[in-house]
Structures are given as C-alpha cells and as structure tokens.
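Let me begin by presenting the structure, written as structure tokens, before commenting on it.
In this text the structure is predicted, and so the values were computed from the model without any measurement. Side chains are part of it too, since the values below use all heavy atoms of this structure and drop only hydrogens, waters and symmetry mates. For ligands, and for the atoms within them, numbers begin at 1 and follow the listed sequence.
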Amino acid sequence: MRTLWGGRFTKETDALVQAFNASLPFDCRLWKQDIRGSIAHADMLTKNGIITEADGKAIKEGLEKIAADLESGALRFDESGAYEDIHSFIEGILTERIGEAGKRLHTGRSRNDQVALDMKLYIRDELEDTERRITALLEELLRMMEQHTETIMPGFTHLQKAQPTTLAHHMGAYFEMFLRDRDRMRDCRKRLNQSPLGAGAFAGTTYPLDREETARALSFDAPTRNSMDSVSDRDYLIEYLSALSLTQMHLSRLSEEIIIWNTDEYRFVEIDDSYSTGSSIMPQKKNPDIAELIRGKTGRVYGHLMGLLTTMKALPLAYNKDMQEDKEGAFDAIDTVNNSLCLMEGMLHAMKFRTDRMEKSAGGGFTNATDAADYLVGKGVPFRDAHGIIGQLVLHCISEQKALEELSLSELQRFCPKFEADVYDALSMGACVDRRNTIGAPGTKAMKQEIAACKRLLERNEI
Ligand code: ARG
C-alpha cells in the first residue's frame, strides 16, 4: 500500500486493517472537489512564494490532466487497495506523473482540512441539485393548482371525510411543504459556506497561507474562524440530512395519499403505467410500487441522520477517524432524496385525476354539515346550538339513509324553524367551497390569490 505516512512505521499494515481503514471505494465520489481544492491551494502556495512558479504550474497542469483522465475513463480508481482514500490517490498519481513537484502540494495542508473542504464543496453542489429538483416539483404542483381550482374533492381529518375542498387546495398544501424544504436547503448553504482550507491538522500552519484567497477562489463567503472547529465540524451535514429527512417525509406523505387515492375503493387517481409495476402471480394487478418505495425509503434517510448524529455524539476535538463514517450514509441519503424528488415529479405529471369520482365522493359523508351549521348561524342561531341541531339532523339522515340536502324543507324545519328555501344553495358542494375565502382557504377567490403568491415565491432566488 502506498501510504502517506510510511516514515514512522517499521511494519506493513495488516490486510484487514487496510481494508477497514480505506475510504477510496466511497470517497472517490469527491474527486472533482478534491482536485478543485488542491488547485486553489497550489495557486495560493505559488502566489505567496511558498512553492515555486514552476512547481505550481506543474501541479496545476498535472491535476487538470488527472481530472480530464478521470472524466474520460482513461484513469480509474485503483481497486487493488493500494491507496487509502481519494486524497492519497490523487496525490499519489500526481507524484507518479510529475515527480518531485507533486510532493510539494501538501505543504501547509492536512488531510483533515482537505476532507473537511472536499465534503463542504460536495455538499454545496448537492444542496443546489436538491434545490433544483425541489423547484421542478414545485412547478409541477403549481401547474396542478392552476388547473384544479374548481375540482372539488373531500378533505379529510382522521382519514374521515370532513369538509369539501379542491384539488388545488390539497396540492397547495404540498407546495407549502416543499417550498419550506427549498428554503431549508438555502438556509443550510449559508451556514456551510465558510472555507476550512488552511486549518491544517487543527492548529493552522506556520506557512504564510492566505486563507482568504483560497476561500474566495472556491466561492466561499469567508474562511472559517477557528481552525479546530474547522476540521471537526460536521454540523452542516447534519443540517442537510435533517432537511433531507423532512423533504423525504413530505414525499412520503404525498406518496401515501397517492397510494390511497389509487385504490379501487377511492379511484381518485390513476397512476400511469410507466410509474406502476405488475404482479408475478395476479395478472390483474397494477401496483403503486414507486410511491411505496418513496414512502419506504424514508426510513433509511432518517436512519442516516440518526447515524451521523450518533457518530458525532461525544467526539472529542479535533479530527477523529470516526468522522470518515459521515460519507456513505450521507451519499445514500442524498441519492435517495434526489431520486425520489425526480420520480415524484414525473409520477404526478403522468398521473390522471378522476375529477368526477372526487366530486362525487365530496358529496357523501355529510361534508356540508359545518356549512349547514354556519347557515343557521347566518339566520341568528348561536353556533353551539346550530352545531347541536345539525348533529341531530345528521343522526336522522343516517337512519333515513339520506344526505342533508335530500331532506324536504318541512323535514328540516322540524329540527329548526329557521331553515328556509335558500338552504339548498348553501349546502351545494360548490357553494360550500366557494364561500371559504379567508386567507389560505380553498374558495376560488382566495385560491387565486394564493396561486399568485406561490408563483412569486417560486421565482424568488433567496430566502
Ligand atoms: N478518509 C479520511 C476521512 O474521510 C480523510 C482524513 C484522514 N485524516 C486522518 N488524519 N487520518 O475522514
């Protein structure tokens, strides 16, 4: 094994130790960030006279060539176990290719600040990617909202029909959730965006490094302030994983609703064939596997958040190898959420809404009972009394197997003399929804204002 630390050792490392210690199989993902950081470091070393112009040039060109070769596949990550991690791999290849100059790259740097930098650069890129995918999903939700301001459906509490609402209103709730998720990604970036490069092992360095210069070159807002914190901070990753967990939780809630809506009992939606799978035994089946998988994968995203919180718990300052364990779980959580976002957007786009079934279903289950009580309040009955009267009416309707609006006026008046002929208009589903125009409510007027606000928020670039 070509280690970066052979001098002090008299024996080879044990094979199992080598394999257990190595991170190249998974941190190879950081190669672009590692090279980017090394180029910024080498440029700064050159500008500040810490290495010669000639060495600086050779290092930079060598690193650019390695990047091109990794991109094209001409260079592959070594699977023989010869290199411990992405840092030793790239430095090793560089030195093999350009000789002596390659050995000067690590001047004033430690793998501790190097890996802290690589992860921050990587997470910054991924945050942007997640944000883009959330934006695409928000656009899809907004499109559905615009299309369905008048599509009436039942709203539920306790999974029991409660009051009528619209599909625009229902999707609008998810719009809000995912908009908060996008804000969380942006917020996380703000706290992440200080450069740890130059923190060294943890105590800075004796070379006159210009940390502000490397921070600028790598588009950070500033260098980190405390070099000990710089190498041992993984808060930003925990924040990202927690923002990802919330996003996946929202995806899971939406998936669950789609699964319910897609059942034969509801048939509110039909998931497109391209987003469904069949059964090996039951020929009639078309299963919502993608929605189920998105729901199911929520467990592993939460698991990775808990995993890292647990890894970091009680870690003394500064760097400890435990921190190498931040990567696999984080990478898996990022891939899972990013893929789920994309799949949800596609599935929604291709999904058919059975608006006739939704409207019909909204009519059952006394979803207009609150409106009936509100009607009596409009006729001067105190709300608590109106609630009691309508409760009795519902009981009567259940035994008669009728809806409220199917009772005759004289029947209604037996329960309360305040009922008049205009009650039937007040109980229609359309009227029940449309009279709800408080801020955030499903009435067409309120909903149009909400949609206009959502559009503005969607286009906003900052929080
Ligand atoms: N592979 C290591 C990690 O991911 C890099 C840092 C190693 N530093 C050290 N002092 N051994 O954390």
Nearest non-hydrogen protein atom, atom 10 (N) of ligand 1: Asn112 OD1, 3.0 Å

Considering only heavy atoms of Lys327, which atoms of ligand 1 have at least one such atom less than 4.0 Å away? 3 (C), 4 (O), 12 (O)

Do Lys321 and Asn21 have side-chain atoms, one donor and one acceptor, less than 3.5 Å apart? yes

Could you tell me whether some N/O pair between His87 and ligand 1 is separated by less than 3.5 angstrom? no

Using a 4.0 Å cut-off to any heavy atom of Gln324, which atoms of ligand 1 qualify? 1 (N), 2 (C), 3 (C), 4 (O), 12 (O)

When you compare ligand 1 with Glu84, is there at least one nitrogen or oxygen pair between them that comes in under 3.5 angstrom? no

So if I count the atoms of ligand 1 from 1 in the order they appear, which ones are less than 4.0 Å from some heavy atom of Ser23? 1 (N)

Taking atom 6 (C) of ligand 1 as the reference point, the nearest protein heavy atom with its distance: Tyr319 OH, 3.5 Å

Phe331 ring centre to Arg29 NZ or CZ under 6.0 Å, with the angle to the axis within 45°? yes

Nearest neighbour in protein (non-hydrogen) for atom 11 (N) of ligand 1: Arg111 NH2, 3.6 Å

Would you kindly say whether Glu257 and His170 are connected by a side-chain donor-acceptor distance under 3.5 Å? yes

What do you reckon, are the aromatic ring centroids of Phe89 and Phe77 less than 6.0 Å apart? yes

State plainly whether the residues Glu140 and Arg143 are in salt-bridge range, i.e. N to O under 4.0 Å. yes

Relative to the ring of His250, is the ring of Phe178 parallel (under 30°), tilted (30 to 60°) or perpendicular (over 60°)? perpendicular

